[in-house]
Each structure stands twice: as C-alpha cells, then as structure tokens.
Colleague: 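Pasting a structure below so you can have a look.
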Amino acid sequence: MDYEFQKIEEKWQKAWKEACLYKVDIDFSKPKYFVLDMFPYPSGAGLHVGHPLGYIASDIYSRYKRLKGFNVLHPMGYDAYGLPAEQYAIQTGQHPAITTEVNIKRYREQLDKIGFSFDWSREVRTCDPKYYKWTQWVFIQLFKHWYNKASQKAEAIENLISYFEKNGTNGIQAHCSEEIQFSAEEWKSKNEKEQQELLLNYRLAYLADTMVNWCPALGTVLANDEVKDGYSVRGGHPVMQKEMKQWSLRISAYAQRLLDGLDKINWSDSLKEIQKNWIGRSEGAEVLFDVSNSNHKLLIFTTRPDTIFGATYMVLAPEHELVNEITTGEYKNAVSNYIEETQKRTERERMADTKKVSGQFTGAFAFNPFTKQNIPIWISDYVLAGYGTGAIMAVPAHDSRDYAFAKHFNLPIVEVISGGDITNEAYDSKDGIVINSDFLNEMPAKEAILKINDEIEKCGIGKRKINYRLRDAIFSRQRYWGEPFPIYYKENLPYPLDEKKLPLELPEIDAYLPTEKGEPPLGRAKNWTTEEGYPLELSTMPGFAGSSAYYLRYMDPNNENTLVSKEANHYWKDVDLYIGGAEHATGHLIYSRFWNKFLFDLGIVCEDEPFKKLINQGMIQGRSSFVYRIKNTNKFVSLNKKEAFDTTEIHADINCVTNDILDIEAFKKSNPEYANAEFIFDEDDKYRCGWAVEKMSKSMYNVVNPDDVIVKYGADTLRMYEMFLGPLELSKPWDTNGIDGVHKFLKKLWRLFYSRESIIFTDEEPSADELKILHKTIKKIQEDIENFSFNTSVSAFMICVNELTDLGCHKRKILESLLIILSPFAPHIAEELWSALGKKDSICKADFPEFNAEFLVENSFEYPVSFNGRLRYKLPLALDVPVKEIEEIVLKHESSQRWLEGKAPKKIIIVPNKIINVVV
RNA sequence: GCGGAUGUGGCGUAAUUGGUAGCCGCGCCAGACUUAGGAUCUGGUACUGUAAGGUGUGGGGGUUCGAGUCCCUUCAUCCGCACCA
C-alpha cells in the first residue's frame with residue numbers, strides 16, 4: 001500500500017467540510033483562543049508559495065490549541081477593496097467587483113488545497129455592504145466624538161457642546177487642530193453653520209484643508225505609509241504635495257496611549273521600535289520669542305532649552321504663517337523668491353539633497369529673552385512646517401543642522417555646553433557642563449534642562465511640551481473602489497447619515513475615472529444624494545478602513561444590529577495570536593490599535609489592545625537561476641566555464657532547472673528565442689546554472705505556485721517543508737529541490753503503518769526505548785510549538801520516525817500518540833492513518849498526549865572528557881558516581897596519560913552529568 | 001546619520017541558553033538492488049593532513065576551567081526612520 005497523498009487529501013478535505021469540523025461557537029466550558037492571520041488582498045496573480053507561510057504557522061498553532069482543549073477561533077476573509085482592481089477596471093472597463101469576485105474564488109481554491117482549519121462560516125469581505133456597514137458606522141462614531149485630555153478618552157460631541165454652552169473654551173482640555181478661544185456667550189451667538197465649523201476642530205473624524213500626498217497618476221491622495229521616497233508604494237508613481245479638503249482621523253489624540261500600550265503587548269522589539277519611531281515622542285519646551293520692533297511673537301519648540309543662551313538666530317519654515325508679516329521691505333523680494341523656489345521642489349528633491357544648505361534672511365530680528373540679544377530671523381526649508389511650531393531657535397554650537405547653516409551663512413556660534421570642539425563640528429550630546437549661560441553655568445546639561453524649564457514657566461514665556469511626530473491620518477481617497485463615506489453636505493458642511501440608513505452602498509458608475517470637473521469617480525454616480533436631495537461625499541475610504549476592525553467582526557460576523565455583540569466580545573475578547581507581515585508596522589497595525597482604543601473608550605470592546613501577541617513571518621524569497629549567453633551569439637556557456645567568455649547573465653525559468661542543472665529541451669521550449677540555442681557544457685556534458693536569492697516575481701522567472709507543489713508532493717509535504725525551511729520570522733529562499741527530504745519523511749511514516757501489501761500495526765506493549773523516543777518527541781514538539789519554532793519540530797519528527805523505523809516499531813500505543821502530535825503539521829496523513837487505526841472520530845478531537853518524564857530517565861551518562869577545554873575521549877559512567885570517584889577514574893584512565901604527559905593536573909572541573917574538564 | 005535585526009559546511013539550518021559545534025534535510029561521493037531509473041536502501045561528507053594531529057561559528061580583543069552563546073571593538077548584509085529642532 002502506497003502513500004497516495006492526492007486521494008487522501010481530497011477525501012479528508014471533503015469530509016472535514018461536510019462535518020463543519022472547524023466551525024466554532026461560544027462555548028463557556030472551554031477557554032477561548034483567537035488565532036488571526038492578516039487577511040489577504042486577492043490579487044489577480046493568485047498565491048505564490050510565500051503567501052501561505054504565515055497561514056501554515058497559524059494553522060499549526062490553531063490545531064495544537066484545539067488538541068490542548070481550547071475553543072479556537074481561526075477565521076479568514078478578504079481585504080477586498082484596493083487599487084489594483086480599480087486600475088484594472090480603468091484599463092478594461094470590467095467592474096472591480098467582478099474582478100475581485102474572480103480573484104477571491106481563485107484564492108479560496110488555493111487555500112482550500114492546503115488544508116487549513118479556517119471557520120469559513122465567519123468569512124468577511126471588506127467590500128461586502130453587510131461588512132462595510134460597520135466600517136461606516138465606526139466612522140460616524142468618530143465623527144460624533146472628541147478627545148478629552150482631562151479624562152484621557154473619547155467622549156460624545158454633545159458633552160463638548162454643553163460644555164461650550166456653559167463655559168466656552170475656558171478650561172477645556174480638548175485635543176484639537178488649532179487652539180481657539182471663545183466664551184459661552186460667543187458660542188451661543190454663533191449660528192448653526194458657525195458652530196458646526198468650530199466643532200470640526202474637535203471631532204475625531206474631521207474635514208480640513210491639509211497638505212496631502214497627491215499622486216496625479218493614480219488620481220488620489222495617499223497616506224504617509226503609502227509613499228516611499230516621493231513615489232507611491234503601489235505602482236511607483238511620483239507623489240507631490242498639495243493642499244486639499246480631506247477627511248482626517250485624529251489619531252494624534254491617541255499618540256501617548258498608542259505608545260504606552262506597546263509595553264503591554266507581546267510584539268517583537270523591532271516592530272515596537274518602528275511604531276515608537278513613527279509616534280516619535282519628544283519632550284521639550286515651547287518658548288515665545290518677541291519679534292523686535294513689532295507686536296508679533298514667535299513660538300518655537302525645542303528639546304534642548306538648556307542651550308537657549310547659545311541661540312544666535314532663528315529659523316522659520318518657509319510656509320510659516322508669520323513670514324510675510326515680519327519680513328522687512330528690502331527683503332520682501334528675496335524672501336518670496338526663496339519661498340517660490342522651495343515650493344517648486346518636490347518632496348523627493350528636498351529629501352535627495354538634505355546636505356545642501358539654503359535659506360534667506362527676513363530682515364527681522366527676535367529678542368532672546370535670556371541673552372537679551374537681538375538675533376536675526378531666517379527662513380529655510382530645513383525647518384519643517386508640519387513639526388512642532390514650524391519655527392526653531394537655532395543653536396549652532398550644539399545642533400549639527402544649525403551648525404551647517406551658521407557656517408554657510410557666517411552666523412555666530414556660541415558654545416554653551418562644554419565637552420566638544422565647536423571649531424570643527426557641533427557638539428550635540430547632552431553629556432557636558434553648561435558654560436556661558438549666566439545662572440545655568442557649571443550645571444550638567446541634563447540638570448540645566450529642568451532648571452531652565454522652571455525659569456521659562458516662571459517668566460510666563462513658555463511651558464514644557466511634549467511633541468509627537470505622528471500625524472493625523474488622512475482618510476479620503478479620490479477613488480471608486482472603496483467604502484463610501486456616510487456623509488452628506490448641507491450648506492457645504494458635513495453631516496453624518498442616520499445610522500439606520502447604513503450601509504450606504506457604493507453606486508454604479510459609467511467609468512472608473514474622475515469627472516471632467518476633476519471630481520472623484522463618485523461624481524459620475526446618478527442621484528448620489530440623500531432622500532432630501534443633499535449631496536453625498538464623493539471620496540471613498542482608504543485601504544486601512546476595512547482592515548481596522550475586521551478582527552472584531554469575526555467574533556460576530558452576521559450580527560446585523562451591532563458591530564460586535566457584548567456577549568461575543570466578552571467571550572473572544574482580543575486576538576491571542578496575530579501572524580502577518582512586518583510591512584504593516586506603520587499602517588494597519590497602528591490604525592487598528594487606534595480604532596480599537598476608540599471603541600474601547602466607547603465601551604464597545606472590552607480590551608484596549610487588539611493584538612496580544614504578534615509574529616511577523618519572514619518573506620520567502622525566490623531562488624533565481626541564470627544562464628550565460630556569450631555576447632552577440634545564441635550560445636550559452638555553463639557556469640564553470642563562463643569566465644573564458646564575455647557573457648550576459650539571463651534569468652532562466654526555474655521550471656527548466658533541477659539542482660542547478662539545465663534541462664536543455666525544456667529551456668529551448670521556454671522561449672522561442674532559445675529554440676536554436678547552442679550550449680557549451682561542463683566535462684560531464686551537463687549545463688550548470690548560476691543562482692541568486694531574489695524577490696519572488698514573474699520577471700525573475702522564479703515564482704513557485706503552491707498548486708504545482710501540491711500536485712507533485714501533496715499539501716502535507718508543502719506545509720511541512722514551508723516550516724522546515726527555517727525560523728518563521730526569518731526571510732529565506734525557497735528551493736523546491738529540498739522538498740524531497742520532507743516528502744520522504746512522510747513516506748517513511750507511512751511505512752510504519754503499511755507494508756507494501758497491508759496494514760502492519762500491532763497491539764504489542766511498547767518497549768522502554770520506544771517510549772523514550774515517543775516522549776522525547778512529545779516534549780520537543782510541545783516546546784517547539786509554544787515557541788513558534790516549527791522548523792525544529794519538523795526535524796524532531798524526522799528523528800523520531802528514523803528511530804522508530806530502526807527499531808521496527810509498529811505498535812499502536814506509540815503510533816497513536818505520534819499521529820496526534822503530527823496532526824497540526826500534516827493533518828491529512830494523520831487523519832488517514834488515524835482512521836486506519838480504527839478511530840471513528842476525527843483526530844482533531846483527540847487530546848494532545850501528556851509528556852511523561854519517567855520514560856526519559858537514564859541510568860548512565862557518557863561524559864565528554866576535555867583537557868584544557870578540548871574534547872579528547874568519552875567516558876560512560878553510572879549517574880550516581882560521586883565526583884571524587886570520577887576524578888580518580890579519569891586520572892587513572894589510560895587515555896588520560898597521553899594528555900597529562902606525566903604531569904599532575906592543575907585542576908579538574910566536574911559538572912555532574914554534563915562535562916569533565918582537566919586543566920593541565 | 002539614528003534605530004532594529006542577522007552573520008555557523010557547497011546550500012537551508014541545529015546546538016539542552018556558558019558545557020561534546022555542525023542535529024535534521026538538500027546536494028555531493030561510494031556502494032547494493034535493478035526491465036540503467038528524477039525509484040528504494042546502506043555507508044561517507046566542516047576544513048586541512050596519508051596519519052597522529054592541527055584549524056574552525058564575519059574580523060580583532062577580553063572574561064572564564066570552558067564562549068557560536070557573555071563583555072568591548074570592528075566589518076558586512078537586510079529592514080525601518082530620516083533636516084522631527
């Protein structure tokens with residue numbers, strides 16, 4: 001009887017589906033466990049072998065947890081809105097919903113073949129109105145709430161309104177776009193429109209003019225994390241800065257909580273670090289500088305108030321609102337020229353030459369409140385409008401950027417912290433003693449910061465301030481294929497739709513392009529208004545909208561009355577294990593933490609962090625193969641001989657290559673260009689290819705499709721080989737050649753149950769050796785799974801099966817346990833052999849075997865005996881030999897004589913049951 | 001520039017957390033069986049040397065009886081951020 005994986009896998013996949021084996025419900029008799037995968041965007045290319053890596057790992061863990069008695073929620077769905085489907089629609093006229101449907105179907109087929117234990121009854125799709133109803137609903141809640149810094153949580157906008165009615169802004173601690181002040185009377189005297197406008201300053205979802213990353217080629221706005229080096233991440237189109245009225249989410253209100261929350265969650269250090277940097281907290285002070293001969297004051301932010309005596313000039317961002325007002329007559333032209341020039345430069349150009357110093361004096365001076373000196377005010381694009389206050393006090397002696405600027409424009413440099421050599425470079429460090437600074441002199445810099453902050457606050461010229469780099473998230477996209485905003489406009493002001501009207505469904509349009517007026521595609525929709533005739537918002541939501549709360553929807557996917565019921569949320573609580581790629585560090589993973597915290601404030605969810613533990617799986621890279629064509633010929637030379645020729649390296653399709661040997665016939669057929677190719681072979685008449693590890697992609701001809709692997713080796717082999725490749729978190733190249741080893745292992749396992757003719761297991765009692773092998777493996781597998789070290793589990797299984805084969809063990813008591821611990825990794829073969837043992841119920845319902853340490857007890861130990869740390873021979877001894885006696889045995893041992901050379905040893909180290917080391 | 005991660009055979013990797021470096025698998029070499037096969041099985045395989053031995057975990061230094069593991073330093077690769085005051 002042979003291992004017919006195709007038949008077996010088909011049979012059990014069907015049986016599991018019919019039995020709804022993986023369907024879960026709330027069950028208070030069992031502890032819950034929620035294992036989540038980052039749901040895929042169903043692209044047209046289908047899955048390649050790298051995509052399921054994380055899914056396999058999470059599936060193994062889910063299956064393991066079930067065997068351990070947990071009620072495991074392990075759902076899957078699709079992040080179905082997105083640019084590629086829309087780009088495809090623009091090109092072909094095909095509705096993106098159709099493309100998406102087709103792609104989802106293909107993904108599902110591929111996923112099903114791998115034998116995952118997903119509860120598909122809970123599937124979500126972000127483009128499904130039943131699903132995005134709740135995305136829209138959360139948006140309305142964000143619109144209807146503001147952030148109270150006093151209570152540190154989101155509160156209903158009605159509370160803010162009644163506060164304004166009583167006190168105006170007096171004493172309010174609200175997170176807002178702009179600090180504004182008005183009295184209760186002023187508030188009450190405003191009309192509806194004016195009040196609504198003011199409220200946008202506080203709402204957590206608000207409409208405002210913002211500088212956005214505009215991508216003309218895609219016709220839309222992009223979030224910061226969707227732009228890299230001035231180009232769009234998707235498509236690589238140029239991105240420019242543009243001011244537009246856009247929806248934003250006030251995520252900055254949650255900056256501190258997002259930072260604090262990182263300490264409570266079990267994520268990798270690198271990922272936490274990325275989020276910390278992205279949030280970018282910095283502690284400092286805001287200080288007001290008077291502009292000389294004027295009533296204007298300049299507010300600056302600094303993290304080094306201790307160096308204020310060294311502030312010899314000031315710099316404003318070119319976009320700073322006071323630039324025009326303070327610039328003196330004779331400098332007006334020069335200043336406006338400079339501003340014009342910086343605006344012309346794209347973001348990318350600005351980043352490309354950060355070393356180039358540029359700036360312009362405004363003619364104005366500011367008064368340094370401590371040195372009592374008038375210092376010149378400059379503008380320069382090295383100061384960013386979007387950070388802090390858009391203005392700085394420049395301390396050239398202790399800030400490298402200020403230093404470069406001062407040197408370039410010949411501005412004074414005054415040393416105020418000792419420890420560096422400011423004739424050469426700025427001394428940026430906080431290690432040093434304050435000098436030239438009046439009452440701060442002789443203090444360590446760190447101490448001086450506290451002292452000067454007190455002084456600044458005492459004088460009323462400023463206050464301590466914490467700044468965050470985290471910007472509010474721009475939430476509008478001028479696109480078709482996304483969630484419509486549940487917003488209509490009355491007198492040009494936004495109002496939320498009645499929640500009972502949700503979902504607001506995406507309308508049909510005649511073309512997936514902007515209108516002639518330059519409106520977004522929804523401008524083409526007919527009757528895109530409320531029943532009363534008010535126009536609806538034309539933008540749609542961005543990609544991260546639908547993924548921000550999907551894990552909550554899985555808890556209660558069909559609930560039509562609420563996002564997630566209290567009952568479901570209190571049972572499933574949060575995601576215990578989340579597996580996905582690190583590329584979402586500053587996008588999805590920060591937005592969904594924000595949404596979750598907001599929903600937590602509203603009492604809708606009971607945990608304030610959504611993902612307790614998170615693992616980033618590494619990327620699977622491609623292993624490309626190369627052939628070497630001699631220039632100007634159609635002749636290819638083998639790797640070993642290529643040095644003698646002038647060659648061009650060309651990607652060969654990896655389907656034509658086995659163990660780096662080129663299949664000549666297949667290669668000739670792979671491209672008409674090669675049909676008549678000639679070859680220079682190695683001595684053994686083989687053509688050897690070169691290789692390199694590269695991204696897996698069509699253009700490199702190195703894509704491996706899981707379907708092909710499954711046809712040839714089966715899903716169980718694929719699953720185990722993906723794990724066998726190496727540690728989950730690491731990137732590693734895929735090399736199909738290695739898969740044989742794993743496949744052979746499964747065949748060898750099969751041989752423990754079946755001979756060529758028949759089933760051969762026995763009911764004999766297991767021997768001590770067999771029990772030892774089994775329990776050693778149980779222990780190892782359990783530890784490995786809990787540490788997510790799946791690669792070492794696979795080799796432990798191989799060792800176990802090798803050893804049992806050597807002992808000729810076919811005993812039921814051993815094999816049963818082995819199958820259970822293997823079943824998370826290779827569920828099909830485990831289920832098949834389980835039923836062959838006569839079991840009626842699925843192996844998924846078995847209990848993970850208890851490890852029993854008694855079976856591992858040894859009665860002797862083979863000591864490695866070292867001389868000066870070098871292993872020389874081995875000495876088997878009983879476990880209970882006393883140290884004193886071991887010493888004697890070692891010294892008398894004939895092998896020792898050679899290394900002692902007649903001398904007495906200086907020292908003998910004996911670690912019982914570990915090692916013996918003789919120091920000579 | 002700042003922050004994070006990773007460096008071990010020809011390749012993917014392992015090492016009980018300071019105690020026998022190279023487990024498991026690929027590849028390679030040799031052999032067995034055989035309708036010579038991309039099947040199966042057996043043995044070998046870090047480097048060097050005929051051998052005894054010597055060398056060896058990116059490089060250099062240190063702590064220790066003992067270091068892949070700890071400390072200092074340096075190099076390389078990858079990832080993130082980047083004029084963030």
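Being a predicted model, the structure only gives us computed values, none of them experimental. Labels below follow one simple rule: chain letters A, B, ... track the order of the sequence lines, proteins then strands, and each chain is numbered from 1. The figures here come from the full heavy-atom set of this structure, side chains too, leaving out hydrogens, waters and symmetry mates.
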Colleague: Choose from A85(B), G56(B), U20(B) the nucleotide whose nearest atom is closest to any side-chain atom of L384(A).
Modeller: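 Side chain of L384(A) sits closest to A85(B).
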
Colleague: Distance check needed: A14(B) C1' versus M798(A) CE, whole Å only.
Modeller: 13 Å

Colleague: Pick the C1' atom in A46(B) and in C29(B), then give their distance to the nearest Å.
Modeller: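 Between the two C1' atoms, the distance is 16 Å.
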
Colleague: Taking for each residue the nucleotide of RNA chain B with the nearest heavy atom, is it L725(A) or T389(A) whose nucleotide lies nearer the 5' end?
Modeller: L725(A)

Colleague: Take atom C1' in U50(B) and the same atom in C75(B), then report the distance between them in whole Å.
Modeller: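 To the nearest whole Å, 39 Å.
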
Colleague: Classify the nucleic acid contact of K712(A) as base, sugar-phosphate or nothing, counting any heavy atom under 4.0 Å across all strands shown.
Modeller: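 Base: the residue K712(A), judged by heavy atoms under 4.0 Å, touches a nucleobase.
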
Colleague: State which residues pass salt bridge (charged side-chain N to carboxylate O under 4.0 Å, His left out) with R688(A); sequence neighbours excluded, sorted by chain then number.
Modeller: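 Result, salt bridge (charged side-chain N to carboxylate O under 4.0 Å, His left out) vs R688(A): D682(A), D684(A).
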
Colleague: I'd like to check the salt bridge (charged side-chain N to carboxylate O under 4.0 Å, His left out) partners of K463(A); sequence neighbours left out, ordered by chain and number.
Modeller: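 For K463(A), no residue satisfies salt bridge (charged side-chain N to carboxylate O under 4.0 Å, His left out) once neighbours in sequence are set aside.
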
Colleague: Can you name the side-chain hydrogen bond (donor to acceptor under 3.5 Å, both in side chains) partners of D735(A), sequence neighbours left out?
Modeller: N737(A)

Colleague: Out of the candidates N655(A), T658(A), I654(A), only one should pair with S625(A) under the side chain to side chain contact (heavy atoms under 4.5 Å, CB included) rule; please name it.
Modeller: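 Between S625(A) and the candidates, side chain to side chain contact (heavy atoms under 4.5 Å, CB included) is satisfied uniquely by I654(A).
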
Colleague: Check the interface with nucleotides 63-68 of chain B: list each N/O to N/O pair with the protein under 3.5 Å, or write none.
Modeller:
residue, atom, partner, partner atom, Å
C65(B), O2', N917(A), ND2, 3.1
C65(B), O2, N917(A), ND2, 2.8

Colleague: Just how far, in rounded Å, is C1' of A85(B) from CD of E283(A)?
Modeller: 15 Å

Colleague: Give each protein N/O atom lying under 3.5 Å from an N/O atom of nucleotides 26-36 of chain B, with the pair distance.
Modeller:
residue, atom, partner, partner atom, Å
C26(B), OP1, K744(A), NZ, 3.0

Colleague: What interatomic distance, in whole Å, is found between P of G80(B) and the corresponding atom of G62(B)?
Modeller: 38 Å

Colleague: Can you list the steps and then say if S252(A) with D472(A) is a side chain to side chain donor-acceptor pair (under 3.5 Å)?
Modeller: CA-CA 5 Å; S252(A) 59; D472(A) 283 347; 2.5 Å; yes

Colleague: Partners of D660(A) by side-chain hydrogen bond (donor to acceptor under 3.5 Å, both in side chains), sequence neighbours excluded?
Modeller: R623(A)

Colleague: Roughly how many Å apart are U6(B) and A52(B), using the P atom of each and rounding to a whole number?
Modeller: 38 Å

Colleague: May I ask you to say what N802(A) touches in the nucleic acid, namely base, sugar-phosphate or nothing, with a heavy-atom cut-off under 4.0 Å?
Modeller: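 Here N802(A) touches the backbone only, sparing every base.
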
Colleague: Mind checking side-chain hydrogen bond (donor to acceptor under 3.5 Å, both in side chains) for K732(A) and listing every partner two or more places apart, or none if nothing turns up?
Modeller: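 K732(A) satisfies side-chain hydrogen bond (donor to acceptor under 3.5 Å, both in side chains) with no residue once adjacent residues are dropped.
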
Colleague: Strictly below 4.0 Å: does T586(A) bring a side-chain N or O up to OP1 or OP2 of G80(B)?
Modeller: no

Colleague: When rounded to the nearest Å, what value does the distance between C1' atoms of U16(B) and C11(B) take?
Modeller: 26 Å

Colleague: In terms of relative ring orientation, are F797(A) and F825(A) parallel, tilted or perpendicular, with 30° and 60° separating the classes?
Modeller: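 Ring orientation of F797(A) relative to F825(A): perpendicular.
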
Colleague: Specify whether H775(A) and F851(A) have parallel, tilted or perpendicular ring planes, treating 30° as the upper limit for parallel and 60° as the lower limit for perpendicular.
Modeller: tilted

Colleague: Atom CG of D381(A) to atom P of A82(B): distance rounded to whole Å?
Modeller: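 Distance check: D381(A) CG to A82(B) P gives 16 Å.
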
Colleague: Choose from G19(B), A82(B), A85(B) the nucleotide whose nearest atom is closest to any side-chain atom of K914(A).
Modeller: G19(B)

Colleague: Verify, without hydrogens or angle tests, whether S400(A) (side chain) and A426(A) (backbone) share a donor-acceptor contact under 3.5 angstrom.
Modeller: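 No.
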
Colleague: Restricting to side-chain hydrogen bond (donor to acceptor under 3.5 Å, both in side chains), what partner residues turn up for K407(A), sequence neighbours left out?
Modeller: none

Colleague: Filter on side chain to side chain donor-acceptor pair (under 3.5 Å), then keep only pairs touching residues 741-754 of chain A, sequence neighbours left out; what's left?
Modeller: D2(A)-R751(A), T717(A)-H743(A), K748(A)-N802(A)

Colleague: For the pair made of CE in M723(A) and P in A14(B), what is the distance, rounded to whole Å?
Modeller: 13 Å

Colleague: Do T302(A) and I308(A) have side-chain heavy atoms sitting under 4.5 Å apart?
Modeller: no

Colleague: Can you tell me the distance, in whole Å, between the NZ atom of K276(A) and the C1' atom of C2(B)?
Modeller: 15 Å

Colleague: How should the glycosidic conformation of U63(B) be described, syn or anti, under the criterion that syn lies within 90° of 0?
Modeller: anti

Colleague: Are side-chain heavy atoms of F289(A) and N368(A) found at a separation under 4.5 Å?
Modeller: yes

Colleague: Would you call the rings of F724(A) and Y721(A) parallel, tilted or perpendicular, where under 30° means parallel and over 60° means perpendicular?
Modeller: tilted

Colleague: Does G12(B) have OP1 or OP2 under 4.0 Å away from a side-chain N or O of R623(A)?
Modeller: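 No.
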
Colleague: What integer number of Å spans the P atoms of G61(B) and U55(B)?
Modeller: 15 Å

Colleague: At 4.0 Å (heavy atoms only), tell me whether N791(A) reaches a base, stays on the sugar-phosphate, or touches nothing.
Modeller: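 Sugar-phosphate contact only.
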
Colleague: Could you tell me the separation between the CZ atom of R688(A) and the P atom of C11(B), rounded to a whole number of Å?
Modeller: 16 Å

Colleague: Take atom P in C28(B) and the same atom in U17(B), then report the distance between them in whole Å.
Modeller: 37 Å

Colleague: For F370(A), enumerate each residue passing the ring-ring contact (aromatic ring centres under 6.0 Å, His included) test, keeping only those at least two apart in sequence or located in another chain.
Modeller: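 For F370(A), the residues satisfying ring-ring contact (aromatic ring centres under 6.0 Å, His included) (neighbours in sequence not counted) are F309(A).
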
Colleague: Across nucleotides 3-10 of chain B, 5' to 3', mark each nucleotide with B, S or - according to how protein heavy atoms within less than 4.0 Å reach it.
Modeller: SS------

Colleague: Counting only Watson-Crick or G-U wobble pairs whose two distances fall under 3.5 Å, which nucleotide matches G31(B)?
Modeller: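 Because both required distances fall under 3.5 Å, G31(B) counts as paired with C41(B).
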
Colleague: Which comes earlier along RNA chain B counting from the 5' end, the contact point of D663(A) or that of S866(A), where each point is its nearest nucleotide?
Modeller: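 It is S866(A), whose closest nucleotide lies nearer the 5' terminus.
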
Colleague: May I ask you to list the residues of residues 298-306 of chain A, by number, that have any heavy atom positioned under 4.0 Å from an atom of RNA chain B?
Modeller: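 Of all residues in residues 298-306 of chain A, the ones placing a heavy atom under 4.0 Å from RNA chain B are F301(A), T302(A), T303(A), R304(A).
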
Colleague: Report the glycosidic orientation of G9(B): syn if within 90° of 0, anti in every other case.
Modeller: syn

Colleague: Any side-chain N or O of R870(A) below 4.0 angstrom from OP1/OP2 of U55(B)?
Modeller: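 Yes, within the criterion.
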
Colleague: Whom does U20(B) pair with, Watson-Crick or G-U wobble, provided both distances fall under 3.5 Å?
Modeller: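 WC or wobble partner does not exist here.
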
Colleague: Of all the choices, G12(B), A15(B), A82(B), which nucleotide is nearest to the side chain of T792(A) once you look at every atom?
Modeller: A15(B)

Colleague: Provide the distance between the two C1' atoms, one in G18(B) and one in G68(B), to the nearest whole Å.
Modeller: 11 Å

Colleague: Quick one: label R872(A) by what it contacts on the DNA or RNA (base, sugar-phosphate, nothing), any heavy atom closer than 4.0 Å.
Modeller: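 Sugar-phosphate: the residue R872(A), judged by heavy atoms under 4.0 Å, touches backbone atoms but no base.
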
Colleague: Using both distances under 3.5 Å as the test, list the Watson-Crick or G-U wobble partner of C70(B), or none.
Modeller: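 Partner of C70(B): G62(B).
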
Colleague: How close or far is atom C1' of U40(B) from atom NE2 of H743(A), stated in whole angstroms?
Modeller: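 The distance from NE2 of H743(A) to C1' of U40(B) comes to 13 Å, rounded to the nearest Å.
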
